[in-house]
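This report concerns only the one structure given below.
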Amino acid sequence: MTIRTRFAPSPTGYLHIGGARTALYSWLFARKHQGRFILRIEDTDLERSTPESVDAILEGMAFLGLDYDEGPFYQTARFDRYREVLSEFIAQGHAYYCTCTKAELEERRAAQIARKEKPRYDRRCRDAGHGPSPQAVVRFKNPLEGTVVVDDAVKGRVVFRNDELDDLVIARGDGTPTYNFTVVVDDMDMGITHVIRGDDHLNNTPRQINMLRALDATPPAYAHIPMILGEDGARLSKRHGAVSVMQYRDEGYLPEALINYLVRLGWAHGDQEIFTRAEMTALFDIKDVHAAAAAINPKKLLWLNQHYIKTLPAADIAKRLAPFLAARGADLTAGPALVEVVTALQERAKTLVEMAEQAHIFYKPETVIDDPKNQAIIASTPRPALAALAEAFATAPAWTREAIHAAVETAATTHGLTFGKLAQPIRIAVTGTAVSPPIDITCALLGRERCVLRLKSAIALAFPETRP
RNA sequence: GCUCCCUUCGUCUAGUGGCCUAGGACGCUGGCCUCUCACGCCGGUAACAGGGGUUCGAAUCCCCUAGGGAGCGCCA
């Protein structure tokens, strides 16, 4: 039997980190078993669903590389099918029309709560034999006795008593189907074998299983994965920083890092922390998913992101970095090959945004030394040493890392300075900042002409009285 | 309130009755390396929610308590 899993988001917002993990686990499980991964858009809530959200979800999945084999299927395109099953249900006595008004329901609910009872529908229309009428909803006749056993792949065996359940609405007054009904029809029609979803759905599961049984269908296997918490252990929300996958992308996170972080959040394979796509696909098992909720740890994500920035091929990183530089207004034709810059920066950036910031100095037409501390560093360096270096730079036989290093070293020793004492003012002169890759690499990337020019103007600026 | 779920370092986790004086990772921290920033390397910090059982032996099995979460919608 081919394993078939699905991701079924409702398009009422962006793809958030929790949904992404659910999708990832479903995707991994399907891929691991050479199964099929299906995307289904649950847009039956006409009020809240938007096409923008659909796009955002699709974009998020594409960014993460979670490709689907079938779909996206839209529930709004399947209303005829739902109506069909609905009438079957009614004809077979599995469902009935209910004429209780929302106000009445609300009143009874309040009374039940006041009596400290579990609020649920009292079933007064169950055997009333109502026919269809404009405002009537349709309710499923849930069994009154017995139990429903869910052998959940992550929660273990969970037993629900039918007498705890009520008769849920499966079609609204306007005839549109509700979630618990559409999900059952779809999972059956689409041949879903394993339902992997958030554990907020665990309590819905027995009702869905009862409907599946009424339909004479075999319920799929279930795996309810716990939710993701914010750093503080509270439910994840915007105030925890990034929650949307696209926001992480915009902040310079790599999909490799995000995926690796997410797969380890609630799942482990011994002590291994770094997983390639292929490794996690081979090693992942839904049964090994931790049953407890996990708090997100942004620092660890950052560490992983840095790891991938560091270890992925420079050309690859350069390709992804380019848009970030463009966004900063950098002109990539005005400087060294981006790959070379990336190579110099790979061990120095935690995100692409950070790297773009560091790379930008290699493409700026001119530098400004605006920090007084930096100005002071140049001013406190013996002018002759700087002048000699500018000369050495101008006349070096070749503009290579080695030649630059030798020039700095010679100038330093000649003037009684350590390498570092001279390197720092040069760094400031040529980049305008106190931080950059090693000075020889930095200068090599910048090019001879620019280095000499900037060195000279820095000298002129720091020692205005003396002529250059 | 009722039903269901959950509980190992600050965080993610390993652990499935003896290999646990509880391992790894992030973080934090001491040191080394060093031209800045980083990378890297070596070391340190810190946990089985509490209480009862079962057992020769429990982080691991059972029960209770506490704490956290979810559901109880004509939302999904």
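Below, read A as the first sequence line, B as the second, and so on, with proteins coming before strands; counting in each chain starts at 1.
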With a non-hydrogen cut-off below 4.0 angstrom, is A:Asn204 in contact with a base, only sugar-phosphate, or nothing? base
Atom pair distance, as rounded to whole Å: CZ in A:Arg264 and P in B:U11: 15 Å
Distance between C1' atoms of B:U8 and B:A25 (Å, rounded): 15 Å
Base, sugar-phosphate alone, or nothing: which one does A:Ala295 contact when heavy atoms must sit under 4.0 Å apart? sugar-phosphate
If we count only N and O atoms by modelled type, under 3.5 Å, do the side chains of A:Arg197 and A:Thr205 hold a donor and an acceptor together? yes
Atom CG of A:Asp199 to atom P of B:C6: distance rounded to whole Å? 9 Å
Could you work out the separation of B:U55 and B:G23 based on their C1' atoms and round it to a whole Å? 26 Å
Between P of B:A25 and CG of A:Asn260, the distance in whole Å: 15 Å
Residue matched to B:U55 through Watson-Crick or wobble contacts both under 3.5 angstrom: none
Would you say CZ of A:Arg328 has more than 12 non-hydrogen atoms from neighbouring residues, nucleotides or ligands within 6.0 angstrom? yes
Base, sugar-phosphate, or nothing: which does A:Lys299 touch, judged by heavy atoms less than 4.0 Å apart? sugar-phosphate
Base, sugar-phosphate alone, or nothing: which one does A:Pro437 contact when heavy atoms must sit under 4.0 Å apart? base
Of A:Trp267 and A:Phe160, whose nearest nucleotide on RNA chain B comes first from the 5' end? A:Phe160
Using the side-chain heavy atoms of A:Ala423, tell me which of these nucleotides is nearest: B:C2, B:C35, B:A70. B:C35
Can you tell me how far P in B:A14 sits from the matching atom in B:A49, rounded to whole Å? 14 Å
Donor-acceptor side-chain pairing of A:Asn180 and A:Gln208 below 3.5 angstrom: yes
Base-pairing assignment for B:G30 (Watson-Crick or G-U wobble, both under 3.5 Å): B:C42
Taking the minimum atom-to-atom distance to the side chain of A:Ile439, which one of B:C4, B:C35, B:G27 wins? B:C35
Does B:G67 have a Watson-Crick or wobble mate here (both distances under 3.5 Å), and if so which one? B:C6
Sugar-phosphate only, base, or nothing, as touched by A:Arg109 at under 4.0 Å among non-hydrogen atoms: sugar-phosphate
Integer angstrom distance from the P of B:G18 to that of B:C33: 45 Å
note: A:Arg161, atom CZ; B:C4, atom P; distance rounded to Å ~ 8 Å
Regarding A:Lys421, tell me which of base, sugar-phosphate or nothing describes its non-hydrogen contacts under 4.0 Å with the strands shown. nothing
Touch class at under 4.0 angstrom, heavy-atom based, for A:His290 against every strand present: sugar-phosphate
Check whether the side chain of A:Arg120 and the base of B:C72 form a donor-acceptor pair under 3.5 Å. no
Within the modelled atom types, does a donor on one side and an acceptor on the other bring the side chain of A:Asp271 and the base of B:G23 under 3.5 Å apart? yes
Can a donor-acceptor pair under 3.5 Å be found between the side-chain atoms of A:Arg427 and the base atoms of B:C35? yes
Euclidean distance for P, B:C5 against B:C42 (whole angstrom): 45 Å
Which of these, A:Arg124, A:Arg120, A:Arg126, sits in a side-chain hydrogen bond (donor to acceptor under 3.5 Å, both in side chains) with A:Asp122? A:Arg124
Please name the residue in the list A:Phe393, A:Trp399, A:Phe419 that meets the ring pair (Phe, Tyr, Trp, His ring centres under 6.0 Å) test with A:His405. A:Phe419
Nearest-Å distance for atom pair CG/P, residues A:Leu301 and B:U13: 14 Å
When we call it a touch if two heavy atoms are under 4.0 Å apart, what does A:Thr44 touch: a base, just sugar-phosphate, or nothing? sugar-phosphate
Please work out if A:Leu265 contacts a base, only the sugar-phosphate, or nothing of the nucleic acid, heavy-atom cut-off 4.0 Å. sugar-phosphate
Just checking A:Asn180: base, sugar-phosphate only, or nothing, at a heavy-atom cut-off of under 4.0 Å? base
Just checking A:Val137: base, sugar-phosphate only, or nothing, at a heavy-atom cut-off of under 4.0 Å? base
I'd like to know if A:Glu104 pairs up with A:Arg108 as an ion pair, taking the criterion as any Lys NZ or Arg NE/NH1/NH2 lying under 4.0 Å from an Asp or Glu carboxylate oxygen. yes
With rounding to whole Å, what would you report as the distance between B:C12 and B:U7 at their P atoms? 12 Å
Side-chain donor-acceptor pair under 3.5 Å between A:Thr12 and A:Ser53, yes or no? no
Between A:Tyr308 and A:Asn260, do the side chains contain an N or O donor and an N or O acceptor separated by less than 3.5 Å? yes
Between B:U11, B:C74, B:A70, which one does the side chain of A:Arg139 approach most closely? B:C74
Heavy atoms only, 4.0 Å cut-off, all strands: where does A:Cys443 land among base, sugar-phosphate and nothing? nothing
If you find the nucleotide of RNA chain B closest to A:Tyr261 and the one closest to A:Lys300, which residue's nucleotide is nearer the 5' end? A:Tyr261
Anti or syn - B:C39, cut at 90° from 0: syn
Let's test your reading of the model: under 3.5 Å, does the base of B:G24 pair with the side chain of A:Glu273 as donor and acceptor? yes
Scanning all shown strands, the Watson-Crick or wobble mate of B:G1 with both distances under 3.5 Å is B:C72
Classify A:Glu117 by what it touches in the nucleic acid, base, sugar-phosphate, or nothing, heavy-atom distance under 4.0 Å. base
If we take the P atom in both B:U60 and B:U16, what is their distance in whole Å? 12 Å
Starting the side chain at C-beta, find the nucleotide from B:A70, B:A76, B:C5 nearest to A:Val158. B:C5
For the P atoms, the ones on B:C61 and on B:C6, what distance do you get once it is rounded to whole angstrom? 12 Å
Whole angstrom is fine here: how far is it from CG in A:Leu105 over to P in B:G73? 9 Å
Assign A:Lys118 to base, sugar-phosphate, or nothing according to its heavy-atom contacts below 4.0 angstrom with the strands shown. base
Donor on one side chain, acceptor on other, A:Asn142 and A:Asp167, under 3.5 Å: no
